A.B. asks: 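Quick one: the structure is below, and I'll ask about it shortly.
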Amino acid sequence: MRVLVIGSGGREHALAWKIAQSPQVAAVFVAPGNGGTDGVATNLSIDVTDHAAVIAAAKDQNIDFVVVGPDAQVVAGLGDDVRAAGIACFCPSKEAGQLEGSKGFTKALCDEFDIPTAGYARFEDEASALAYLYTAGAPIVIKADGLAAGKGVTVAMNVEDAEEAVIDCFSGAFGASGASVVIEDFMEGEEVSLFVLCDGEAILPLTTAQDHKRAFDGDVGPNTGGMGAYSPAPVMTREVYDEVMKTIIEPTVRGMAQRGTPYAGVLYAGLMLTADGPKLVEYNARFGDPETQVLMMRMKSDIVPLLYAVATGTLAGKDVEWHDQYALTVIMATKGYPGDYHKGSEIFGAEGLDTDNLMVFHAGTKRDGTRLLANGGRVLNVTALGGTVSEAQKRAYAGVDAISWPEGFARRDIGWREIAREGN
């Protein structure tokens, strides 16, 4: 097959890298790609928000299968348009993508199908939201209803911070995504992610991961799209996993089908392990970033038959194998991220580090002749395998330290929760 991956981040580099290893694949293209994807695929410089341009490029390159990476393209319905053009596509429908595209949509689904999640209220205007907030108090969670690149969620430990978050949403900080706001009860516990594939009916569980959302060591600072992750996450025991499948994943897939909007794609459940059992924090309707990087390093199976089975409704009976190791990724970001930052600084030493146990996946990079330049907030994903989380962490940070980029920064404590447990 000739496969086209849509996107330009570390997730897409990792997907293209894994897809390129498949004996079923003759050629891989990435649109628009980045400074790293050109090492495993052919970059196509097209605007992925222009669906007609994507389809024209796919036909021009005789593409057999399109794999959509980013949430914005899922929610915009790129998958529907590609399928309508007669090309197989791994991407949920626009309607099913509302699981990520609207927090309120997902909360209503949880209400209807008795899926455990935080108590909440949804507001269309600032005055009502603030009135509710002043009654509810803090700690509390404020969420822009729509997509906000991982930055539309504020976990407020006091009313002043919550008030500021509500005002930001309604004042246009997140554009149309903040025109509606969900205010949730604060959930105490540890967060973990579970990834499953589904084709609208059949479910194939993949694996677990734990992300690190805050910008700085010790889980402090603003929320980001993710500063690092590791997989698997042992805090998700077999008992907890069984409960999550029974009370959260299966009712969701069943409920979406009953509503006439079957979910076919990867379902990425953000979960909180509370004293009252696991609860849903949010759904993402695509592979996580940076979790994809650790998933692809650990996946032993050929990914292409699995993605194609999802796209063609033939997932039943499929299985997936994993390397018996941990994977850990560290994000190297431009100083200033997730706020304002400068583009164009040069990165040295990122080439030639890749081995069987270490991969440097590119996110916000671009080539300028032989120079490698930073072209975004999250720039490199240094990803390593190890027999323990500690070993994978040590290997990943050795990779980070081999790269010279004064304008960049990275957290130095990715995996800290599990490493603390390893020591006990």
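Because the structure is predicted, anything quoted here is derived from the model rather than measured. Starting from 1, each residue takes its place in the sequence as its number.
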A.B. asks: Do Phe90 and Ile303 make a side-chain contact, defined as non-hydrogen atoms from C-beta onward lying under 4.5 Å apart?
C.D. replies: no
A.B. asks: Do other residues, nucleotides or ligands put more than 12 heavy atoms under 6.0 Å from Asp324 CG?
C.D. replies: no
A.B. asks: Donor-acceptor pair, distance only, cut-off 3.5 Å: does the side chain of Gln393 make one with the backbone of Ile414?
C.D. replies: yes
A.B. asks: Are any side-chain N or O atoms of Asn357 and backbone N or O atoms of Leu385, one a donor and one an acceptor, separated by less than 3.5 Å?
C.D. replies: no
A.B. asks: Would you say Glu422's side chain and Val389's backbone share a donor-acceptor pair under 3.5 angstrom?
C.D. replies: yes
A.B. asks: Any Lys/Arg nitrogen of Lys366 or Asp38 sitting under 4.0 Å from an Asp/Glu carboxylate oxygen of the other?
C.D. replies: no
A.B. asks: Let's go through Glu191 and Arg214 carefully: what are the C-alpha distance in whole Å and the side-chain angles of both, what is the deciding distance for salt bridge (charged side-chain N to carboxylate O under 4.0 Å, His left out) to 0.1 Å, and is it a yes or a no?
C.D. replies: CA-CA 13 Å; Glu191 264 193 88; Arg214 299 294 185 115; over 6 Å; no
A.B. asks: If you take all heavy atoms of Ala58 and Ile87, which pair is closest and at what distance?
C.D. replies: CB-CD1, 3.8 Å
A.B. asks: For Glu407, I'd like to know if atom CD has over 12 heavy atoms of other residues, nucleotides or ligands within 6.0 Å.
C.D. replies: yes
A.B. asks: Do side-chain atoms of His212 reach the backbone of Gly415 as a donor and acceptor pair under 3.5 angstrom?
C.D. replies: yes
A.B. asks: Applying the side-chain contact (heavy atoms from CB on, under 4.5 Å) test to Gln73, which of Asp81, Val54, Val82, Val48 qualifies?
C.D. replies: Val48
A.B. asks: Fit a plane to each ring of Phe361 and Trp17, take the angle between them on a 0 to 90° scale, and name the class: parallel (under 30°), tilted (30 to 60°) or perpendicular (over 60°).
C.D. replies: perpendicular
A.B. asks: Whether the side chain of Thr106 engages the backbone of Leu99 through a donor-acceptor N/O pair (distance < 3.5 Å, no angle test) should be reported.
C.D. replies: yes
A.B. asks: Could you tell me whether Glu282 and Lys213 have a side-chain N and a carboxylate O separated by less than 4.0 Å?
C.D. replies: no
A.B. asks: Is the closest basic N to carboxylate O distance between Asp71 and Arg286 below 4.0 Å?
C.D. replies: yes
A.B. asks: Between Ala215 and Pro338, which heavy-atom pair has the shortest distance, and what is it?
C.D. replies: CB-CD, 4.2 Å
A.B. asks: Taking Thr365's backbone N and O only, do any of them form a donor-acceptor pair with Asn34's side chain (distance below 3.5 Å, no angle check)?
C.D. replies: no
A.B. asks: On the six-membered ring of Phe105, is Arg259 placed so that its NZ or CZ lies under 6.0 angstrom from the centre and within 45° of the ring axis?
C.D. replies: yes
A.B. asks: Does a salt bridge link Lys107 with Asp111, judged by any charged N lying under 4.0 Å from a carboxylate O?
C.D. replies: no
A.B. asks: Sort out for me which residue in Met227, Arg378, Arg11 forms a side-chain contact (heavy atoms from CB on, under 4.5 Å) with Pro290.
C.D. replies: Arg378
A.B. asks: Any sub-3.5 Å donor-acceptor pair from Arg122's side-chain atoms to Ser180's backbone N or O?
C.D. replies: no
A.B. asks: State whether Lys394 and Glu391 are salt-bridged, where the test is any N-O pair (Lys NZ or Arg NE/NH1/NH2 against Asp/Glu carboxylate O) under 4.0 Å.
C.D. replies: no
A.B. asks: Is there side-chain contact between Gln24 and Phe65, with at least one heavy-atom pair below 4.5 Å?
C.D. replies: no
A.B. asks: Does Val75 reach the side chain of Lys94, with side-chain heavy atoms less than 4.5 Å apart?
C.D. replies: no
